Peer 1: 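This is the structure, below, for whatever I ask next.
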Amino acid sequence: MGMKGFVEGGVASIVAGCSTHPLDLIKVRMQLQGESLSPAISALRPAVALQGGAGVAALPHPQHHHPSLPPPPRRPGPISVGVQIFRTEGTAALFSGVSATVLRQTLYSTTRMGLYDILKKKWSTSGDGGSLPLHRKVSAGLIAGGIGAVVGNPADVAMVRMQADGRLPLAERRNYKSVLDAIGRMARQEGVASLWRGSSLTVNRAMIVTASQLATYDQAKEAILRRRGTGADGLGTHVVASFAAGLVAAAASNPVDVVKTRVMNMKVEKGSAPPYAGALDCAVKTVRAEGPMALYKGFVPTVSRQGPFTVVLFVTLEQVRKLLKDF
């Protein structure tokens, strides 16, 4: 029974991850908006000035722009970003890093879904995962998500880098051939520890996403079935419960996701200080340079991706459970 939960969760996660990959790529590109600016503007940005450690108080607020500089350009939305990727990089670019997505879902999501299922069954009074209080569902999600994130972090770093590569100038692109090539080159060029760069953020995000997503789905599904009866346990209920779960997970995890994306994507040159000293440093620099709402960059594509991802995840999961119910 324990292995069955891992198989069911793994199959559903891979299907959901691959089908919503272009939306995830657009989200990553939008989260990195504002990082690469011209030297003239960068000189005024706390994200750069903070590296020197001095004169922070005198730096202008991100909402004010220098009178001698043109106003900052309006940042494109998710549709514009998607169209731009399609026009400049081709259709295949929308699936950049999909091999990393498959590996990430195989490692991370299979682990978290399987562990959550085991913990639910272990902690429920009936032993089948039913009648579990919300706080226990949240606890199961936090534990399962944290462990899954540690297992899947190398694939997560590779996926972020592969998705972000197309926005770099040609001379600076990493041009990874596949997720295995990305992981191998990172280990050789930057050390094995680089595969767990941003792992604290990955763990935090995964704990938040898993707890909010899985607990919300179970809670919403139970509420609908209590109201309409067990006969309502069909596609409509699964879609409504999973969309609610996706919305809650997106809202809860977006700030951590922005910081995670930037830390994982940063270039660390030998002999020079990294752009960010860590997660907190990245969050502070981002907020000071671009305002608090910068932590919700990519929120629309996050919801646009998290909603369909969660719907496909749980609808597929329910179908796989039906297929494997006799095993």
Side-chain angles (χ1 to χ4, degrees), residues 2-25 27-28 95-120 140-165 174 176-188 190-214 246 249 253 256-257 260-261 263-265 279 305-306 309-310 312-314 316-317 320-321 324:
M3 284 303 298
K4 189 173 160 187
F6 286 94
V7 172
E8 291 169 347
V11 171
S13 298
I14 291 169
V15 170
C18 290
S19 60
T20 59
H21 183 82
L23 295 170
D24 194 48
L25 182 138
K27 176 203 73 175
V28 166
F95 286 88
S96 296
V98 72
S99 62
T101 291
V102 172
L103 182 60
R104 177 178 180 267
Q105 297 300 340
T106 302
L107 298 174
Y108 158 63
S109 284
T110 300
T111 302
R112 74 177 183 125
M113 299 287 283
L115 285 177
Y116 179 78
D117 192 57
I118 287 173
L119 291 172
K120 255 199 342 174
L142 291 172
I143 294 169
I147 295 172
V150 173
V151 173
N153 200 82
D156 210 353
V157 177
M159 183 182 72
V160 166
R161 289 187 172 202
M162 292 172 78
Q163 288 176 332
D165 212 34
R174 298 176 173 109
Y176 297 131
K177 296 183 183 72
S178 67
V179 63
L180 296 179
D181 178 50
I183 290 173
R185 280 172 56 186
M186 284 170 62
R188 289 192 303 272
E190 303 171 51
V192 175
S194 69
L195 298 176
W196 275 270
R197 180 173 294 151
S199 59
S200 61
L201 289 162
T202 308
V203 169
N204 289 337
R205 179 190 178 277
M207 290 172 73
I208 292 169
V209 167
T210 305
S212 56
Q213 186 186 65
L214 301 188
S253 66
V256 180
D257 201 27
K260 176 183 80 75
T261 295
V263 169
M264 285 182 167
N265 188 58
R305 181 256 179 190
Q306 194 70 262
F309 175 87
T310 310
V312 175
L313 173 69
F314 286 114
T316 305
L317 181 63
V320 173
R321 280 176 176 167
L324 300 180

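What you see is a predicted model; the values in this text were computed from it and never measured.
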Peer 1: Closest approach of Gly152 and Leu107, non-hydrogen atoms and distance?
Peer 2: CA-CB, 3.9 Å
Peer 1: Calculate, to the nearest 0.5 Å, the distance between atoms CE and CD1 belonging to Met207 and Ile143 respectively.
Peer 2: 8.0 Å
Peer 1: Any salt bridge (charged side-chain N to carboxylate O under 4.0 Å, His left out) involving residues 99-116? Give me the pairs, sequence neighbours left out, ordered by first then second residue.
Peer 2: Arg104-Asp156
Peer 1: Between atom OG1 of Thr111 and atom CD of Gln105, what is the distance when rounded to the nearest 0.5 Å?
Peer 2: 11.0 Å
Peer 1: Are any side-chain N or O atoms of Asp117 and backbone N or O atoms of Met113, one a donor and one an acceptor, separated by less than 3.5 Å?
Peer 2: no
Peer 1: Provide the closest heavy-atom pair for Cys18 versus Pro22 in the form atom of the first, atom of the second, distance.
Peer 2: O-CD, 4.4 Å
Peer 1: Walk me through whether Arg185 and Arg188 qualify under side-chain contact (heavy atoms from CB on, under 4.5 Å).
Peer 2: CA-CA 5 Å; Arg185 280 172 56 186; Arg188 289 192 303 272; 3.1 Å; yes
Peer 1: Does any N or O in the side chain of Ser194 come within less than 3.5 Å of the main-chain N or O of Arg197, such that one atom is a donor and the other an acceptor?
Peer 2: no
Peer 1: Taking all atoms of both residues into account, what is the closest heavy-atom pair of Ala158 and Val179, and its distance?
Peer 2: CB-CG2, 3.9 Å
Peer 1: When you check the gap from the basic side-chain N to the acidic O, do Glu190 and Arg174 get nearer than 4.0 Å?
Peer 2: no
Peer 1: In sequence, state the C-alpha distance, the side-chain angles, and the governing distance for Met162 and Ser99, and then conclude on side-chain contact (heavy atoms from CB on, under 4.5 Å).
Peer 2: CA-CA 10 Å; Met162 292 172 78; Ser99 62; 3.9 Å; yes
Peer 1: Ignoring hydrogens, what is the shortest heavy-atom contact between Val102 and Ile14? Give both atom names and the distance.
Peer 2: O-CG1, 4.3 Å
Peer 1: Can Ser199 and Asn153 be counted as having a side-chain donor-acceptor contact under 3.5 angstrom?
Peer 2: no
Peer 1: How many angstroms lie between atom CZ of Arg305 and atom CG of Leu25, to the nearest 0.5 angstrom?
Peer 2: 11.5 Å
Peer 1: Quick one: does Thr316's side chain have a donor or acceptor within less than 3.5 Å of a partner on Leu313's backbone?
Peer 2: no
Peer 1: With distance as the sole test, does Thr110 use its side chain to make a donor-acceptor pair with the main-chain N or O of Val7 at under 3.5 Å?
Peer 2: no
Peer 1: For a quick test of reading the model, state the closest non-hydrogen atom pair linking Tyr116 to Ala144 and the distance between them.
Peer 2: N-CB, 3.6 Å
Peer 1: Sub-3.5 Å donor-acceptor pair from the side chain of Thr20 to the main-chain atoms of Phe309, do we have one?
Peer 2: no
Peer 1: Go through the steps for Asp24 and Lys27 under the test salt bridge (Lys or Arg N to Asp or Glu O under 4.0 Å), then give the verdict.
Peer 2: CA-CA 5 Å; Asp24 194 48; Lys27 176 203 73 175; 2.9 Å; yes
